[in-house]
2 protein chains.
Amino acid sequence: MESSIITLAPSTASQVYDWLHRRVLRGELPPGARLSETEIATEIGISRQPVREAFIRLGSDGLAEIRPQRGTYISKISISAVLSARLIREAVEGDLARLTASLRPPQALGAMQAEIDLQHAADSAGDVNGFIESDDRFHRLLAVAAGHEAVWTDLERLKSQMNRLRHMSMRAFDRARTIAQHQQILDAIRAGDSEAAETAARTHLHQMLTELPQMVAQYPEFFTD
Amino acid sequence: MESSIITLAPSTASQVYDWLHRRVLRGELPPGARLSETEIATEIGISRQPVREAFIRLGSDGLAEIRPQRGTYISKISISAVLSARLIREAVEGDLARLTASLRPPQALGAMQAEIDLQHAADSAGDVNGFIESDDRFHRLLAVAAGHEAVWTDLERLKSQMNRLRHMSMRAFDRARTIAQHQQILDAIRAGDSEAAETAARTHLHQMLTELPQMVAQYPEFFTD
DNA sequence: GGCGCTTTACTTGTATGGAAGTATGGTTTA
DNA sequence: TAAACCATACTTCCATACAAGTAAAGCGCC
């Protein structure tokens with residue numbers, strides 16, 4: 001709110017946290033992987049304390065599990081947590097789509113269309129990371145368009161569990177279907193059809209996890225519950 | 001999942017965190033209050049390190065704000081965050097009520113009625129803390145009854161912002177209204193009326209914040225946004 | 001009187017040493 | 001052979017010292 005002018009150098013602990021957080025969400029650190037304070041500390045040439053504090057923050061996010069005197073491990077993907085995230089996002093984003101269809105703010109809708117165009121490009125280029133990042137922005141814009149940008153802050157926490165999964169399962173077919181569904185949502189909103197917008201949003205979020213059973217079967221050691 | 005048999009003594013840092021967390025939610029540590037690592041550490045006779053780690057976890061919860069080299073403060077209540085929490089809970093618990101009305105699991109519904117009875121008792125006794133705790137359990141039971149207990153884990157984070165507010169504003173009138181609305185929700189579920197159950201749940205959650213403007217006017221220094 | 005520098009007393013951030021607990025592999029013992 | 005014991009090498013946890021930055025009070029100067 002106030003100090004957006006000056007940018008102070010982020011602390012060592014924050015940098016380590018950001019680094020680990022990004023690697024976990026991208027699947028570079030797979031579920032079950034072991035982390036070591038001393039190992040990471042010596043690797044990047046700092047003391048154990050900042051690394052330890054980064055672990056604590058990862059633990060609060062539910063992305064790491066600290067077992068006292070035993071070790072720290074990347075959390076496995078909780079199936080029930082993923083399903084809960086889906087249920088919550090279906091309910092909330094369904095409401096947001098309905099709201100947006102009755103408001104139809106021109107600027108936000110244009111930004112959403114721009115993201116869909118970006119998704120076409122990222123899909124053709126095979127840029128999975130870029131695609132998922134644009135996907136995130138699209139859903140965030142839905143909250144903005146509904147006049148509840150702050151809602152996205154809370155949904156983002158839920159997305160992290162789902163994103164780990166999507167980095168594993170995102171294939172060409174899914175990307176094409178995702179883009180088509182995004183367009184469906186936006187078209188319904190543009191038409192001012194609240195009912196259709198809610199249904200499209202709910203359908204989209206529900207089908208996002210159709211591959212979950214296959215992923216569990218293929219990589220059982222990455223999941224729990 | 002596995003080690004529920006043996007209970008290991010919680011670490012010093014966890015105990016400090018639990019203590020602070022509880023005090024913040026109850027309003028004993030008001031928004032804007034200043035925290036000091038050294039002060040708390042010497043007060044309870046430990047070193048700064050565990051206290052510091054408790055601060056970090058409070059920061060992840062959004063309940064404290066750590067300003068580097070300046071100090072740590074209890075977060076003010078973000079109005080937009082509270083409104084977001086309400087929107088999310090309306091959408092999600094509306095769906096949960098609808099689901100429960102179609103399932104009608106007898107055991108869970110009995111437990112919900114028992115909580116309502118407890119709320120009557122706590123109300124008569126003027127036990128505000130006990131009332132709010134029973135209120136929490138009632139809403140948690142709604143998730144359990146719908147077969148999605150894990151959803152409550154996520155909703156609990158959102159509740160913390162709202163609970164700080166409720167500890168400030170909870171008066172006799174609100175408690176009576178709350179109990180009546182809980183009963184409405186449960187009755188609609190028992191009747192198997194999904195539509196009425198969803199409406200009752202949404203109405204209840206929406207009206208939970210009717211006193212927000214008054215609270216902001218009365219204690220402006222506790223709020224932000 | 002009022003502006004500006006300096007000192008001083010704070011704050012959190014990082015490094016390091018040791019304490020306590022855990023797991024593993026080798027050794028001893030029956 | 002097999003089971004119990006023990007040494008050892010880990011892990012996270014806590015305490016302590018110091019570093020780096022902030023803020024405010026005090027003092028000198030104009």
Side-chain angles (χ1 to χ4, degrees), chain A residues 1-21 24 29-76, chain B residues 1-21 24 29-76:
Chain A
M1 54 191 92
E2 72 279 11
S3 60
S4 52
I5 301 166
I6 53 168
T7 48
L8 66 167
S11 69
T12 308
S14 291
Q15 295 182 49
V16 175
Y17 167 76
D18 289 339
W19 180 59
L20 291 175
H21 186 83
V24 173
L29 286 172
R34 183 195 183 95
L35 298 179
S36 165
E37 292 180 3
T38 50
E39 188 179 329
I40 294 179
T42 56
E43 181 184 345
I44 56 184
I46 58 175
S47 76
R48 298 189 330 258
Q49 206 56 45
V51 179
R52 173 175 176 75
E53 297 181 359
F55 284 8
I56 293 174
R57 290 172 64 181
L58 279 181
S60 286
D61 294 339
L63 296 177
E65 189 180 345
I66 303 174
R67 291 190 238 175
Q69 269 76 34
R70 294 185 177 206
T72 300
Y73 301 85
I74 300 297
S75 298
K76 302 200 172 184
Chain B
M1 48 193 94
E2 71 282 13
S3 59
S4 52
I5 302 165
I6 54 169
T7 49
L8 65 168
S11 67
T12 309
S14 291
Q15 294 183 52
V16 175
Y17 168 76
D18 289 340
W19 180 58
L20 291 175
H21 185 84
V24 172
L29 286 172
R34 182 193 184 96
L35 297 179
S36 166
E37 293 180 1
T38 50
E39 188 179 329
I40 294 179
T42 57
E43 181 184 343
I44 56 185
I46 59 176
S47 77
R48 272 179 47 213
Q49 209 55 47
V51 180
R52 173 177 178 76
E53 297 180 359
F55 283 10
I56 292 174
R57 290 172 63 180
L58 280 181
S60 285
D61 294 338
L63 296 178
E65 188 180 346
I66 304 174
R67 290 190 239 175
Q69 269 75 37
R70 293 180 173 209
T72 300
Y73 301 85
I74 300 297
S75 298
K76 301 201 173 185

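The sequence lines fix the lettering, A, B, ..., with proteins before strands; numbering per chain opens at 1. Just so it is clear, the structure is predicted and the values come from calculations on it, not from any experiment.
Of the side-chain N and O atoms in A:S36, none sit less than 4.0 angstrom from OP1 or OP2 of D:dC10. Phosphate contact (OP1/OP2 of D:dT12, side-chain N/O of A:T72, threshold under 4.0 Å): present. For D:dA15, the OP1/OP2 oxygens have a side-chain nitrogen or oxygen of B:S47 closer than 4.0 Å. Applying the 4.0 Å criterion to OP1 and OP2 of D:dC14, one finds that B:T12 has a side-chain N or O inside that range.
Residues A:Y17 and A:D61 are in side-chain contact: their nearest non-hydrogen atoms beyond the backbone lie under 4.5 Å apart. You'll find the side chain of B:S14 reaches within 4.5 Å of the side chain of B:R57, heavy atoms only. In this structure, the side chains of A:F55 and A:L35 come closer than 4.5 Å at one or more pairs of heavy atoms.
Across all strands shown, B:L35 has heavy atoms under 4.0 Å from sugar-phosphate atoms exclusively, and none from any base.
The nearest whole Å value for the distance from the CD1 atom in A:I46 to the P atom in D:dC18 is 22 Å. Remark: C1' of D:dA15 and CD of B:E53 are 12 Å apart, rounded to the nearest angstrom. Between B:R67 atom CZ and C:dT12 atom P the separation is 11 Å, expressed in whole Å. Taking atom CZ on A:R52 and atom C1' on D:dT11, their separation rounds to 11 Å, with Å as the unit. Between B:I66 atom CD1 and C:dT11 atom C1' the separation is 12 Å, expressed in whole Å. In this structure, B:Q49 places its CD atom 16 Å from P of D:dC18, rounding to the nearest Å. As a whole-Å value, the separation of B:E37 CD from C:dT14 C1' is 12 Å. When rounded to the nearest whole Å, the span between CD of A:Q69 and P of C:dT24 equals 16 Å.
Salt-bridge annotation for A:K76 and A:E65: absent, with no side-chain N of the basic residue lying under 4.0 Å from a carboxylate O of the acidic one.
A donor and an acceptor atom sit less than 3.5 Å apart, one in the side chain of A:R48 and one in the base of C:dG17.
Mapping B:F55 and A:P50 onto DNA chain C by nearest heavy atom places B:F55 at the nucleotide closer to the 5' end.
Side chain of A:S60 to backbone of B:S60: no donor-acceptor contact under 3.5 angstrom is found.
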